[in-house]
2 protein chains.
Amino acid sequence: MKTDTVFKRAFNDAIDLMSRLEDGEPLPSENTLSIRLGVSRTTVRKVIASLKASGVISGAGRERNVHPASEAMHRFPQDETVPMAAQVEERFMEWLLRDNARPGTAINELDLARKFGVATTGIREFLNRFQRFGLIEKRPNAGWVFKGFTTSFALELFEIREMFELRSARALAALPDSSQHWRQLEALRQEHLALLAEIETRYHDFSDLDSRFHRLISTAAPNRFIDSFYDIITVIFHYHYQWNKHDERQRNEVAIREHLTYFEALFSRNISMVELACRAHLSSARDTLLRSTSGQ
Amino acid sequence: MKTDTVFKRAFNDAIDLMSRLEDGEPLPSENTLSIRLGVSRTTVRKVIASLKASGVISGAGRERNVHPASEAMHRFPQDETVPMAAQVEERFMEWLLRDNARPGTAINELDLARKFGVATTGIREFLNRFQRFGLIEKRPNAGWVFKGFTTSFALELFEIREMFELRSARALAALPDSSQHWRQLEALRQEHLALLAEIETRYHDFSDLDSRFHRLISTAAPNRFIDSFYDIITVIFHYHYQWNKHDERQRNEVAIREHLTYFEALFSRNISMVELACRAHLSSARDTLLRSTSGQ
DNA sequence: AAATTGTTTTTTATCGATTAAAAGTCATCT
DNA sequence: AGATGACTTTTAATCGATAAAAAACAATTT
């Protein structure tokens with residue numbers, strides 16, 4: 001049956017929302033809450049009913065008021081708020097990276113379903129979506145094979161990445177001064193400088209900044225296939241960072257400096273400088289990734 | 001439950017196989033048949049049992065013999081030999097192109113399941129795989145939207161296609177004379193010439209030749225992401241050709257001539273000629289596709 | 001001993017059912 | 001005119017079951 005993760009997440013979010021209101025303030029309209037919480041009115045009403053039971057909301061009909069949600073207010077645990085499909089991804093990546101990283105490993109739907117405590121259809125659905133990452137392959141009527149987090153995977157990934165990024169960077173550099181992108185780029189540059197200043201303590205925050213930087217570049221000339229490829233990059237790097245903590249602080253510091261050079265190049269509008277900075281950064285990122293592959 | 005399309009296809013193939021043997025000849029081993037028919041031995045045994053019932057095979061155990069399968073021999077109809085998942089693709093593309101081509105159309109899993117006579121999970125699985133084609137988008141908890149076979153779709157598709165193909169064509173031109181590719185290329189060129197000679201009657205055969213030509217080029221420097229993109233191109237063109245018959249003969253003749261120029265350029269190993277021929281061909285292919293999009 | 005056939009176990013493809021969430025209806029209130 | 005209440009209807013997410021196909025194992029035969 002369908003899980004009620006949507007309701008639980010909305011419930012938790014609603015508590016946060018309420019606690020930002022004054023005691024006794026009237027409850028916003030159901031439609032307003034529906035938009036704020038990103039769920040349908042049906043779900044909003046279910047949340048309101050629960051909050052009334054917990055005393056966070058009093059009254060009824062048009063006369064409903066908010067009351068301070070105590071800090072210790074019962075919330076649903078984090079993992080009950082994430083839909084099965086999303087959990088499968090997490091658990092699968094962990095399984096892939098931790099236990100069975102050998103190229104050629106057979107992936108067994110039934111086995112994974114049991115391990116993860118979900119029905120086989122959930123696993124199938126995930127594997128079908130995950131196929132586009134180029135890490136698994138289907139054998140009709142006979143399951144899936146893990147092709148391995150190999151050197152050739154990293155090389156092929158970066159070949160495409162470089163093609164796409166060079167193309168986007170060139171498009172960005174050619175944008176008129178009036179374009180919004182330059183302001184966004186400058187704001188992002190400031191964030192880089194701020195992070196660099198506190199690199200000793202905040203170095204984990206780079207992963208997110210990195211993804212936002214490259215995605216911003218790609219918006220200079222939108223293309224759905226490129227955007228979708230960035231999703232792959234983002235996921236691969238997300239799990240790669242989580243897995244390989246070696247030298248993380250230093251690696252990230254180097255990458256920030258490369259980004260800063262890249263920023264300069266972009267602001268200069270000089271195409272060959274842009275290409276140089278882009279290539280330099282990507283090849284260093286590739287080398288990092290290559291170091292954690294399994295050969296071949 | 002699982003359908004027995006694998007068995008039915010194998011059964012039909014087995015009849016063809018048997019009819020190429022002499023009357024009374026011993027039946028090839030189950031393992032041999034398993035390889036020939038591309039199914040497991042389990043299925044082979046099921047096929048043998050059926051063929052025995054039909055009198056095409058006599059005897060038992062190690063003493064089995066083949067008998068001439070009469071021309072009128074019962075075969076399973078074509079559409080019982082294709083698995084549900086493959087049928088869904090066909091029906092979906094038809095539905096998309098024939099009935100509801102409007103951008104923004106909501107795609108309803110339940111509705112499609114009823115229309116196509118399959119369970120909702122089959123539709124879900126298909127849509128999840130089809131997502132990578134860039135034509136549909138998921139709205140969590142609220143179905144899918146058809147983004148439309150629009151001008152921007154065609155432009156974005158061809159931007160990537162050109163990047164990939166130029167890169168592969170350059171790699172091909174740089175291959176040593178000793179490479180297998182040159183022979184394969186020459187064989188393909190001959191097929192082009194043969195087709196051109198009979199263009200009036202055989203013009204439909206171009207679609208397949210086109211796909212093989214571009215795929216051959218891409219094998220010069222294999223990359224899983226590029227290969228997977230070619231799957232998209234192939235499917236889009238397959239259905240596009242099926243749908244838009246306008247000027248087909250003439251369009252294909254033009255394309256063959258463009259291919260021939262492209263062949264010449266490749267054989268000459270002259271990079272700028274290759275680029276020229278490649279760009280010319282792709283831009284003409286793009287224009288053809290653009291003519292059947294729905295604008296935007 | 002290697003190949004072949006016979007038997008049993010495991011796994012995939014597909015269905016149908018169930019619950020949560022979204023979407024819709026419509027009368028009532030303010 | 002917009003909000004709410006009180007439904008009803010439709011649709012998506014998820015489960016578990018079942019038959020087909022594959023894979024593994026065992027028993028023969030040459």
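Residue numbering restarts at 1 for every chain, and letters A, B, ... go by the order of the sequence lines.
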**Length of the CE-P vector between B/Met84 and C/dT12, whole Å** = 16 Å
**Request:** On DNA chain D, check which nucleotide each of B/Gly143 and A/Thr32 is closest to and give me the residue with the more 5' one.
**Result:** A/Thr32
**Item:** Name of the residue among B/Gln87, B/Glu89, B/Met84, B/Glu109 meeting side chain to side chain contact (heavy atoms under 4.5 Å, CB included) with B/Phe126
**Value:** B/Glu89
**Item:** Under 4.0 angstrom between B/Arg114 side-chain N/O and D/dT11 OP1 or OP2
**Value:** yes
**Item:** Side chain to side chain, A/Pro77 and A/Lys8, heavy atoms closer than 4.5 Å
**Value:** no
**Message:** For a quick check under 3.5 Å, do B/Arg215 and B/Thr234 share a side-chain donor-acceptor pair by atom type?
**Reply:** yes
**Request:** Could you tell me whether A/Ile107 contacts a base, only the sugar-phosphate backbone, or nothing, with contacts defined as non-hydrogen atoms closer than 4.0 Å?
**Result:** sugar-phosphate
**Message:** Can you confirm if the NZ or CZ of A/Arg129 lies within 45° of the ring axis of A/Phe92 and under 6.0 Å from the centre of its six-membered ring?
**Reply:** no
**Item:** salt bridge (charged side-chain N to carboxylate O under 4.0 Å, His left out) between B/Asp231 and A/Arg132, worked out
**Value:** CA-CA 11 Å; B/Asp231 295 344; A/Arg132 73 192 184 105; over 6 Å; no
**Asked** Below 4.0 angstrom from OP1 or OP2 of D/dT4, is there any side-chain N or O of A/Asn31?
**Response** no
**Asked** B/Ala60 near the nucleic acid: base, sugar-phosphate alone, or nothing, with a heavy-atom cut-off under 4.0 Å?
**Response** nothing
**Prompt:** At under 4.0 Å between heavy atoms, what does A/Arg139 touch on the DNA or RNA strands: base, sugar-phosphate, or nothing?
**Reply:** nothing
**Asked** Taking the nucleotide of DNA chain D with the closest heavy atom to each, which residue, A/Thr121 or B/Glu63, is nearer the 5' end?
**Response** A/Thr121
**Request:** Check every strand shown and say whether A/Gly61 touches a base, only sugar-phosphate, or nothing at a heavy-atom separation below 4.0 Å.
**Result:** sugar-phosphate
**Item:** Test: A/Arg139 cationic atom under 6.0 Å from A/Phe146 six-membered ring centre, within 45° of axis
**Value:** no
**Request:** Apply salt bridge (charged side-chain N to carboxylate O under 4.0 Å, His left out) to B/Arg75 and B/Asp16, showing your working.
**Result:** CA-CA 10 Å; B/Arg75 283 155 204 264; B/Asp16 293 343; 2.7 Å; yes
**Prompt:** Looking at A/Arg45, does any N or O in its side chain come under 4.0 Å of the phosphate oxygens OP1/OP2 on D/dG5?
**Reply:** yes
**Request:** Mark up nucleotides 20-30 of chain C, 5' to 3', with B wherever a protein heavy atom is under 4.0 angstrom from a base atom, S wherever such an atom reaches only the sugar-phosphate, and - elsewhere.
**Result:** BSBB-----BS
**Request:** Choose from D/dA3, C/dT5, D/dA12 the nucleotide whose nearest atom is closest to any side-chain atom of A/Ser29.
**Result:** D/dA3
**Asked** Which listed nucleotide (D/dA12, D/dG16, C/dT12) is nearest to the side chain of A/Leu110?
**Response** C/dT12
**Item:** For atom CD of B/Glu30 and atom P of D/dT29, their distance in whole Å
**Value:** 15 Å
**Message:** At 4.0 Å (heavy atoms only), tell me whether B/Gly122 reaches a base, stays on the sugar-phosphate, or touches nothing.
**Reply:** nothing
**Message:** What is the distance, to the nearest angstrom, from the CG atom on A/Leu33 to the P atom on D/dA3?
**Reply:** 12 Å
